[in-house]
Colleague: 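Structure provided below as structure tokens; questions to follow.
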Amino acid sequence: MPTSPSGFRKGLTSYGDPAFAQFLRTAFIKGAGYTDDALARPIVGIVNTSSGYNPCHGNATDLIAAVRRGVMLAGGLPIEFPTISIHESFAHPTSMYLRNLMAMDTEEMIRAQPMDAVVLIGGCDKTVPAQLMGAASAGVPAIQLVTGSMLTGAHRGERVGACTDCRRFWGKHRAGEINAAEIGQISGELVASVGTCSVMGTASTMACIAEALGIALPGSASPPAVTADRMRIAEKTGATAVALTASHLTPEKILTSKAIENALRVLLAIGGSTNGIIHLTAIAGRLGIAIDFDAFDAMSRETPVLVDLKPTGTGYMEDFHHAGGLTAVLHELRPLLHLDALTITGRTLGEELQCHVIRDTSPSSPSEAPEKCHVLSDTVAGAAAGGHHAAGSSSRRIVRRRDEPIFAEGGIAFLRGNLAPGGAIIKQSAASPHLLEHEGRAVVFENAEDLARRIDDPALDVAPDDVLILKRIGPVGAPGMPEAGYIPIPRKLAQQGVKDMVRISDGRMSGTASGTIVLHVTPEAAIGGPIAAARTGDRVRLSVKERLISLLVPDEEIARRLAESTREAPPSAEGQRGYLKLFLQSVTQADTGCDFDFLRAVEMTQKAPRKI
Ligand code: FES
């Protein structure tokens, strides 16, 4: 059987003369000073997402140096190349609007350029999902390396970190408890180094998901950005990528329905970001795997939250790393996981867990670890550092036993009802327990501009028991589904000490945020979803116990309002150009991951999770 071309013989440029194309390519790369020996090696592409606009990737240059070292020590040739980089706070109108563009860039550049494997360096919220979506579609062996979390800082003796504390301090500033000078001082203390947000926000969640999927090295999710552990993981990632060049372990062999199910389980157990479910849905959709949200919810009822990090709990990613990182969580979840899921090392998840022992949760010891652990030997010797720290009581405070969880069910609950026939979610572990069962009067904002105009108006008719509803911040409506679902508490109530209210929208919220907040209402208002019919004064009922979100208005009345609605026309692709036109023509709803319809697999052939 003829072998497919590898290295610089892959994917020749079309000149109508393959030999000439090869000759020309060799001439140009030799012009960069490469020897014939170098050019004969397996090629590992390294995606460089370094950007002056992306402090979360501020260590990318050091990581690339370490990856290159690992590639060369293992006998490969590293070639780095740039793609789009997206930072949450520097992307207009919102980073989510650009995620699919980055996924397309990643996919096409992996496919277009000659490489036998690729290292994906990402970190800030949308970058890892974009890279995994692109790599899943490109079909070249790929391994994820995250940049790692930032360090924590201190304000007046209190430990602080982005960005749960950003929101907490800003809330105090809105309520008049913190003046302009102090909030200015705090802004210089929340982000103590380069790296991703220091809590279990979306970036940390996606780092854990990548590891749980088996497409990042064991122990790679938690080392902070500026540590030696992070650099060692980068070097090992480079070496593993060289092994991948000969393995034919393409992403679809790793990102199976079992791996997706493991990742969903981890998302629930870490109290992960609500954005994680959208991104996992999009990644799975690239490979024809549809998420079954009812089965996901059933999974949530039997999966406790084990990780005590903000916004669900109290700790930061540094603590998580010292407590064993995701390895410790996976050991606790062992009976609930598919241990036969294959990982990027060529070993199964179960074999990896035997290799990376957490002393007081596993019966085995390193000397009992299978011989094959040593094929890639100390893959995470530094970073599974978890292992070195995991036995202490403070570590047990951060990563709990399954019989001593910090929340009895999974972090996310899936809701349905006449307000959200296609579903909605709530991060129940980060909500106020007394509001999880609540009925109240709706106070409705028609869109983000309406909210900005009225939320702090002293004349706003609003009480603490009311339910705030914000429309038209969905995938199409905003467009780009901004993280505006974290509706601020009206200033006059904040000044009275109100910290939380039930809030509902068709948008998203930051993974670092907390509160009793119903998100991703589907279908969204801008395409005529029932949320568009909500009016101030309607009664609304939230019952997390019953997984219900209801507008207490007769169905006929909702239908009448929608039919008579003089609602704003949804943003239309007509008359637009460029990426905005493509976006408005192609973006899907939250229940299909907000991917572009033409990027998803042609057919959904599997489900995850299978029925629980
Ligand atoms: Fe980049 Fe939070 S802003 S991870």
Side-chain angles (χ1 to χ4, degrees), residues 47-61 63 83-99 102 120-132 144-153 160-170 186-211 216 220-227 230 267 270-276 278-279 309-312 315-318 320-321 427 430 480-486 508-514:
V47 178
N48 182 354
T49 51
S50 168
S51 162
Y53 289 106
N54 195 344
C56 296
H57 295 197
N59 60 342
T61 305
L63 287 175
T83 69
I84 293 169
S85 188
I86 310 169
H87 185 279
E88 285 303 293
S89 297
F90 293 89
H92 175 80
T94 167
S95 61
M96 188 66 174
Y97 175 69
L98 297 168
R99 183 201 63 178
M102 181 172 177
L120 310 161
I121 301 181
C124 196
D125 294 10
K126 306 305 176 293
T127 59
V128 171
Q131 291 182 325
L132 291 179
Q144 183 77 57
L145 173 65
V146 298
T147 54
S149 59
M150 61 182 70
L151 301 179
T152 50
V160 297
C163 231
T164 306
D165 297 329
C166 314
R167 295 169 209 290
R168 182 167 58 86
F169 283 117
W170 189 252
I186 289 168
S187 76
E189 295 160 350
L190 284 164
V191 180
S193 75
V194 296
T196 52
C197 285
S198 56
V199 298
M200 191 52 81
T202 304
S204 303
T205 298
M206 290 310 300
C208 290
I209 281 177
E211 187 178 329
S220 66
S222 59
V226 295
T227 59
R230 174 56 58 200
L267 171 64
I270 61 178
S273 164
T274 47
N275 291 317
I278 290 190
H279 297 321
L309 293 197
K310 294 185 178 194
T312 294
Y316 296 87
M317 282 299 283
E318 291 160 85
F320 183 51
H321 181 52
K427 189 168 185 177
M481 209 178 183
E483 293 183 341
Y486 180 76
R508 298 178 302 115
M509 76 172 180
S510 164
T512 63
S514 61

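One-based numbering, in listed order, for ligands and for the atoms of each.
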Colleague: V160 and E189: which non-hydrogen atoms are nearest, and at how many Å?
Modeller: CG2-O, 3.6 Å
Colleague: If we check side-chain contact (heavy atoms from CB on, under 4.5 Å) with T94, which of these qualifies: M481, R508, E88?
Modeller: R508
Colleague: Say you draw a straight line from NZ of K310 to CZ of R168; how long is it, rounded to the nearest 0.5 Å?
Modeller: 5.0 Å
Colleague: Quick one: pull up CG in L63 and OG1 in T147 and give me the separation to the nearest 0.5 Å.
Modeller: 7.0 Å
Colleague: If I take atom CG from residue D125 and atom SG from residue C56, how far apart are they, to the nearest 0.5 angstrom?
Modeller: 7.5 Å
Colleague: Side chains of P224 and H321: closer than 4.5 Å at any heavy-atom pair?
Modeller: yes
Colleague: As a test of reading the model: which residues have a non-hydrogen atom less than 4.0 Å away from ligand 1?
Modeller: C56, H87, E88, C124, D125, T196, C197, A203
